[in-house]
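First comes the structure, then the notes that go with it.
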Amino acid sequence: MSLLFILFFPLVIGAILLVAKPKQAFAISLIASIIELVATAFVLKDAAAAENGLVFTKPWIEEAGISFSLWVDGVNGILIGLCALMVPFIVATTANSDKANNAQYQGLMLAMQTALMGAFLAKDAFLFYFFFEASLLPIYFLAAIYGGENKNAITFKFFVYTLFGSLFLLIGLIYVYLVTPGSHSSDIETLYQTAIMLPERIQGNLFLAFFIAFAIKMPIFPFHTWQPDTYTVAPTQATMLLSGIMLKMGTYGLIRLVLPMFPLGMITWGNTAIILSVIGIIYGSIIAIQQKDAKRLLAYSSFAHVGLMSAGILSQSTEGIQGALYQMLSHGINIVGLFFIIEIIERRTKSREIAQLGGITQYSYVLTVAFVILSLGSVALPLTNGFIGEFLLLKSVFDHDMILGIVAGITIILGAVYTLRLIQKTMFGNFSRITKDFEDVSSAEKWVLIPLCVLVIVGGVYPTWILNFTEPGVQALVSLLK
Amino acid sequence: MSLLLLIPLLPLIGFAINGLAYPKLSKSIAGIVGTIPPLVAFVISLQLFLNFDGQTQIIQLADWIKVADLSIPFAFQIDALSIMMLLVITGVGTLIHLYSMGYMAHDAGFGKFFSFLNLFIFFMLILVLGANFTVLFIGWEGVGLCSYLLIGFWNQKNSYGDAARKAFIMNRIGDLGFLVGIFLLIQEFGTTDYQTIFSTIKDGTEVGNIGLIAFCLFIGAMGKSAQIPLFTWLPDAMAGPTPVSALIHAATMVTAGIYMVIRANALFELSPEVLHFVGWIGLATALLGAAIGLFQNDIKKVLAYSTVSQLGYMFMGLGASAYTASFFHVMTHAFFKALLFLGAGSVIHAMSDEQDIRKMGGLKSKMPITYITFLLGTIAISGIPPFAGFFSKDEILAALYHHDFAMWCLAILGSALTSFYMFRVFILTFWGDFRGTEKQAHHLHESPWSMTIPLIILAVFSVGGGFINLPHFAGGNEFLAHWLAPILPEPHTAGEVSLFSLEMGAPLLAAFLPAIFAIYYFGIQKAVPGNDESIQGIQKVIYRKFYIDELYDFVFVRPIQVLSTFFAQVIDFLVIDLIVEGVGKTVKTASDEIRKAQTGNVGYYIFMMVVSIALILVLTLRSRIL
Amino acid sequence: MQSIPEIIRTIPLTNYIMLSSALFCIGILGVLTRRNAIIVFMAIELMLNAVNLLLAAFSSYYSDPSGQIFVFFIMAVAAAEVAVGLAIIVMIYRNIQSIDIGVLNKLKN
Amino acid sequence: MTAIIALSLFGISNLFLGFWFPRKTIQMVTLLFLVVSMALTVSDWNHELLWFGNMFRTTNTSINFSLIIQLAAFFVVAFSKAFGQDDEHTHPAEYYAIMLFSVVGAILMVSFDHMIVLFVGLEILSVAMYVLTGSDKRNLRSNEAAIKYFLMGSFTTGILLFGITLVYGATHSFYISNIGTILTNTAPESMPSFLFIGVLLIIVGLLFKVSAAPFHFWTPDVYEGAPTIFTMFMSTIVKTASFAALFHLVSGIFGSLYTVWVLPVYFISMLTLVVGNISAVYQQSVKRMLAFSSISHAGYLLLTVSSKQISTTSSILYYSLSYTLATVVAFAVLILVSEYQSARVEKPENFSSFEGLAKNNPGLALCFTISMLSLAGIPLTAGFWGKFFIFSDTFSRNIIYPVILAILMSAVGIYYYFKGIIAVYLKAGEIEKIEVPVLFKMALWACTLGTIILGVYPSLVKSVF
């Protein structure tokens, strides 16, 4: 039942917000998201204590063997945690802005949380798919209604492109589902057992279908062209949801569905997939170096990061998967923080043009410190959360293939190049026409920035807790691969 | 053990206090809060040093990264090497903190500066205390971060920010090599613990890839210790406040590479090719640095290239397996180079931030303490006996003499260059007539006590530091060599040498002759280098640092920028996106075409139906009817 | 005294089918070639009559009355269709004073 | 079965009621009649019976189809506001009566066990539709639509009848069950070749009714020209009934002859998908877009019959239901908006007249959006499961490429359905609050909620089908 609660609670509140349109939308949605966080914490505590995680099953479409089943184990627990953790922050970032008491905006965000939670919680493949696609709706409306310049075309492209990708997933899932014995079942664990028996050629095709869907979602080179535009045009909270949580659906899908189901498919296509991921890392990083728009720069950096996650996952090692899970968490925290900082700057200066900014540190010490700390997390400095994930990921890719590992490792150089450039051009140097009289961060903004910075450090110093949490789930998964 | 934990913890606390309370804390309190931690840490280190029983101690603190078979704990290792490093770091560190209280007294970012310095000390201590390569890597990258923060300390100036970025990025290039080395270590040994790795090697277990590992680790050292080709950041790093240059870019951080190679000597010993490579890189760097140093007119730049060159010496020593000698040089270099930088800082302070030696001169009367200490430092670095630099450099040269004669000859040449440019700087700064502006002349004064005391202490060490490892022939007992013996391979015993042999004579000549020449040329002839435009020919090439920065810019930076634009605007926009958009366009065009079939004419519709029906009938039934 | 089916069976079934098919095709051709709505409609009626003829033929051939019953249904329905069809044509004539189906192509693309 | 008798009687009584009662009352009465007939239909549940000289068979499948049809009729009646341009000269009672009669025809089409019933049902439906299409007498577009529909419809009737005749000639029977047995028991070599022509012609006749390409040409024109309320009627009831009839024939009697028809249907379904979806992309008129969308949905449905193994009816039923619910909402909102805009803009049925609907009419906008999402097959709506069941059903019968094509085409579908959503939410426009009658509003929300409930919990009806 607790699983049901954490799944539907945000939706219920979100629906109330959407329908009733109360004046205090911000307070309601913030409190709701905090309640959700607390409830999720309890669920995760139970899950860590339970032998095989938590499972909740109710028949859904009984005739077709599709059930409404949810579970929490080490693999998805971390993503559920991420989702529950980040949404309060994302809600809090609207404080004092024109969106704070916009009930529709808050409602859509909460609805989005349910969709994300659902995708991570689902134990049934079609339930996963259901939420995987359903999550597009709230985020589409968030981005399309509140987006910036040229939003219609861009968000529309995003929607059609990603949906197009997920249709491949649908074909693949249906195929695997139909292979299951009896009157069919779409339980993920059942699918593991049946898919693994398929001949190599078919597994290869299915791998492709699944991979394309997830590759578009994440995105992986060369399926990424929707991403920078969408990240740039969407309102910041939507971008945070997209990059902080939603793209993890893709990586999660790789871990949860692709790896254990198509080991033979991996043989045929795995290398191609890893190479594409690694190309994405370098490609994204290089493009980020010359970006003029801060948000766009972060978009490409996110693209590069996710490439590394994908490559690590596809290396099929425990380190890779654990590292990817850890990196998903870290990346979520860091990118939300970084996007928020850009939003803070934009609110005050009405600009994201890197060239027009500068010298902000003279007006806001806290903002600079937060920016530096979050950026360090993003460039994976040791003792920040980014390092743990990146270390494990790079190691797994390196173990998989030495050359690819080194090429992927170039990200730590290029990452520093674009991140430091961003810091320098915005925070340091002389103030410009628009950063003159930059207003220091408000307390509401500090309430978001400081905890995030603390998380960056804590995550880098004490990762054991989370790594131990994911260990059993990942071990179980990896044992399936052998 | 709990005391040991305090060593890194105190600077961290200092950092936290100063960092969190930055604008609010008054300067005097901030200074004290910043200086006490390294001082206490030094005292504790001293106590450790005195009570050290020769046993390597491992202190497991906590699990850090633990995944599958890989386990990387937070663990500290106390042994002869790390204790020595602790002493140098906390000792020199304390002095520089003290110095900074005076030097930075008028700076608005006083508290911030101290918090960064403390953070640096913290990471440096982690670097030397770590019991495995990964913890070392924490410190390794951490000091890089602090270096970045401190170089760009005056962040309003864009060129300083660029220098800071350059330092960080070049370090990161090395770090990638280091990281790959760590991955390889994990592959081969399953761990990064020093103890496990070195005992495995000592047991003679066959392990592959040792050469590659050593090479990758050395790439890391190249970045951190500013060796060719990753050395260009160090001269630029002089953008930071002078105490930073003294502490980070002379005494401690840049020697981390040497520390690491000494630490991993077992690995390097097994791969002679890599050691050879290390030696030659060191030699090349030493010569290049010295050559560029010859014609620099910025007092800090000269010192910076001198540092590059001296670091090259240390690697040369490592290349000849003379680990003690290199480490000896690390220590003496820490003393005299810190001294020189601080002295330069004192001069710059007095000159109202003027760094060009062409605009100085005649400062000896105005700042006697600085003058004398700087002189002592100059003598020490030039290798004139019996100052510290002589002994340490001589040990390296001695080892080279037995290792590779050609290298030795070139090293002697480098030594001569060092002596020349150091005396050049010294004389141009302190002798002759004052060449600055009126305003500067009025302002000239000796620095406050907080700056001169560190100068004096360091001067004492620069003079007497050689006694730490005084060789037998000079009546010493080679303390350092004995101290480090447990963690180093058997040294090649060098025979007794006569003071008049080539082995001893050449270095002495190389130290004295250029010094005398410099005194003659700049002191007696009072020659002053011309302004930038007058420099011609090969001299210009050297003055412009062999155009290496321009070369890197042309070979790496520009292409990446071009590539970035190309990727973003051509590949992304014109190729990939065009395909994606093209699909949409195709559908739209197809739609426009198909809908034209909808002519609105019933006759046409019926005709199409009839044709279709006929087609279906014919195609389906052709086998049956015909 | 031959019964009607026997008489009918003296001519092979194929001939009935051929005849009806020919009639049907003539109807189709009429529909295709004519532009006057009434004539097109008459051509369609011709098609229906071809069907009726064939049904009657089959019915008699197999001595099975249901085919002929079907014919009555077709006739009745055709009558209804005629009523509606003519009404539509009249309505159009009132509006545009023409019953040329080629003119009616405002709804397209 | 009693339902069709009742409906006929209701229709006749409706004609009389028109003398005395105002439009509102008749509308309510008609709704009541439909509820009663639905109840009567349900009462046959689980009684598989033959009626009218074994010509009419009620099975659970046919009952389900009848219910969907009557439900659609119910909503169409509820959504009917005015017929034609001026309310005074129209006689609503007649329209309601005609609708009731055509529902009878539709029910006959889904429950036939004899070719005459099929034919009569089809004709009742068609002739009624010719009338309704042309009911806006002074509107030339309506006239044009009527004549086009009429000519092409009667032409196709001729084709269908010729097919029926040929099959009769080969099998000596009009009874579905008889034909089925005969076809199964006869070796293909000994069948006369005109039988195959007959089978194909019958299928062509029905494909015309479901507007499969290349027999779809009439659809956009007729849908566009007809008064919107009757377009709604056509696109739901006629389509469902015709597809049910096609499915019944193909699965029932022609199953043993699949080699003859399966390839044409296979290609026609793909062609329909492509033509329907691609043509819809460029449309500026919502009504015409919906017409092409209805063609494309026919394509999806045809996937279920494009293989020798016949699909289960449940996915077809589910699809029809979800399609019906979404379509009526789409047309209902279109009626409101185009009525509002008719005096203001030149082309009230274009996407542009929907612009800015969400600002003052959030409810309408939401209903419209959900219906578009459902048609596009996005999760949370019934349309998603409709597509899902169809795809998995088709996939399980090893039809691979058409499904992949269908999936590609549904991505194209998203494009044009979202044009509607974008217009409603993201474009600036001036639409004041549109007055919606209570009944209309209730029906609108009922359909929308139904779409969502079926989208979240498809088992609710799937277990019945």
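Below, read A as the first sequence line, B as the second, and so on, with proteins coming before strands; counting in each chain starts at 1.
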Check the pair I423(A), R165(B) against side-chain contact (heavy atoms from CB on, under 4.5 Å), reporting the backbone distance first and the verdict last.
-> CA-CA 10 Å; I423(A) 293 181; R165(B) 264 162 65 199; over 6 Å; no
Could you give me the CA-CA distance, side-chain angles and deciding distance for L467(A) and K66(B), then say whether side-chain contact (heavy atoms from CB on, under 4.5 Å) is met?
-> CA-CA 7 Å; L467(A) 290 176; K66(B) 199 160 175 295; 5.6 Å; no
Begin with the C-alpha distance, continue with both residues' side-chain angles, and end with the deciding distance and a verdict on side-chain contact (heavy atoms from CB on, under 4.5 Å) for V67(B) and F391(A).
-> CA-CA 11 Å; V67(B) 170; F391(A) 180 81; over 6 Å; no
For I571(B) and Y283(A), what are the C-alpha separation, side-chain angles and deciding distance, and is it a side-chain contact (heavy atoms from CB on, under 4.5 Å)?
-> CA-CA 10 Å; I571(B) 305 275; Y283(A) 183 84; 3.2 Å; yes
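Heavy-atom pairs under 4.5 Å with chain A were tallied for D572(B), L70(B), I138(B); the largest tally goes to D572(B). Among the candidates N430(A), L381(A), T318(A), the residue making the largest number of heavy-atom pairs closer than 4.5 Å to chain B is L381(A). In terms of heavy-atom pairs under 4.5 angstrom with chain A, the leader among F123(B), F168(B), Y160(B) is F168(B). Contact tally against chain A (heavy-atom pairs below 4.5 Å) for D63(B), I576(B), D69(B): the top residue is I576(B). Across T565(B), I560(B), V180(B), the residue that shares the most heavy-atom pairs under 4.5 angstrom with chain A is V180(B). In terms of heavy-atom pairs under 4.5 angstrom with chain A, the leader among F566(B), F137(B), F74(B), Y22(B) is Y22(B). With chain B as partner, the option from I410(A), L394(A), V474(A), T470(A) having the largest number of non-hydrogen pairs under 4.5 angstrom is L394(A). Most heavy-atom pairs under 4.5 Å with chain B: of the set Q475(A), H224(A), Q291(A), this distinction falls to H224(A). Chosen from E581(B), K157(B), K166(B), Q569(B), the residue pairing most often with chain A at heavy-atom distances under 4.5 Å is E581(B).
Both the backbone and the side chain of Q290(A) come within contact range of chain B, with heavy atoms under 4.5 Å apart. The contact between E471(A) and chain B is made entirely by side chain atoms (from C-beta outward), counting heavy-atom distances below 4.5 Å. At a 4.5 Å heavy-atom cutoff, M427(A) makes no contact with chain B through either its backbone or its side chain. Only the side chain of Y161(A) comes within contact range of chain B, with heavy atoms under 4.5 Å apart. Using a 4.5 Å cut-off between heavy atoms, T361(A) contacts chain B through its side chain alone, with no backbone atom that close. Heavy-atom distances place both the backbone and the side chain of V379(A) under 4.5 Å from chain B. Interface residue F221(A): only side-chain heavy atoms are found under 4.5 Å from chain B. At a 4.5 Å heavy-atom cutoff, F431(A) makes no contact with chain B through either its backbone or its side chain. Contact of I65(B) with chain A is made through backbone and side chain together, with heavy-atom distances under 4.5 Å. For Y365(A), the part lying near chain B is the side chain, with the backbone staying farther off; criterion is any non-hydrogen pair under 4.5 Å. For a residue to count as touching a neighbouring chain, one of its non-hydrogen atoms must lie under 4.5 Å from one of that chain's; by this rule I126(B) does not touch chain A. Neither the backbone nor the side chain of S159(B) comes within less than 4.5 Å of any heavy atom of chain A.
Between F428(A) and W154(B) the shortest side-chain heavy-atom distance does not fall below 4.5 Å.
With rounding to the nearest 0.5 Å, the separation of CG in N209(B) from CE in M402(A) is 5.5 Å. Taking OH of Y418(A) as the reference point, atom OG of S564(B) lies at 11.5 Å (rounded to 0.5 Å). I289(A) CD1 to Q561(B) CD: the interatomic distance, rounded to the nearest 0.5 Å, is 8.0 Å. Interatomic distance, K112(B) NZ to T368(A) OG1, rounded to the nearest 0.5 Å: 8.0 Å. Atom CG of residue N158(B) and atom NZ of residue K425(A) lie 5.5 Å apart, to the nearest 0.5 angstrom. The distance from atom OG1 of T464(A) to atom CD1 of I72(B), rounded to the nearest 0.5 Å, is 11.0 Å.
Side-chain contact of D162(B) with Q424(A): a donor-acceptor pair under 3.5 Å is present, judged by distance alone.
When all heavy atoms of R172(B) and A380(A) are compared, the closest pair comes out as NH2-O, 3.4 Å.
Around NZ of K27(B), the count of heavy atoms belonging to other residues, nucleotides or ligands within 6.0 Å exceeds 12.
Checked against W64(B) for a ring-ring contact (aromatic ring centres under 6.0 Å, His included), the options W465(A), Y462(A), F387(A) give a single hit: F387(A).
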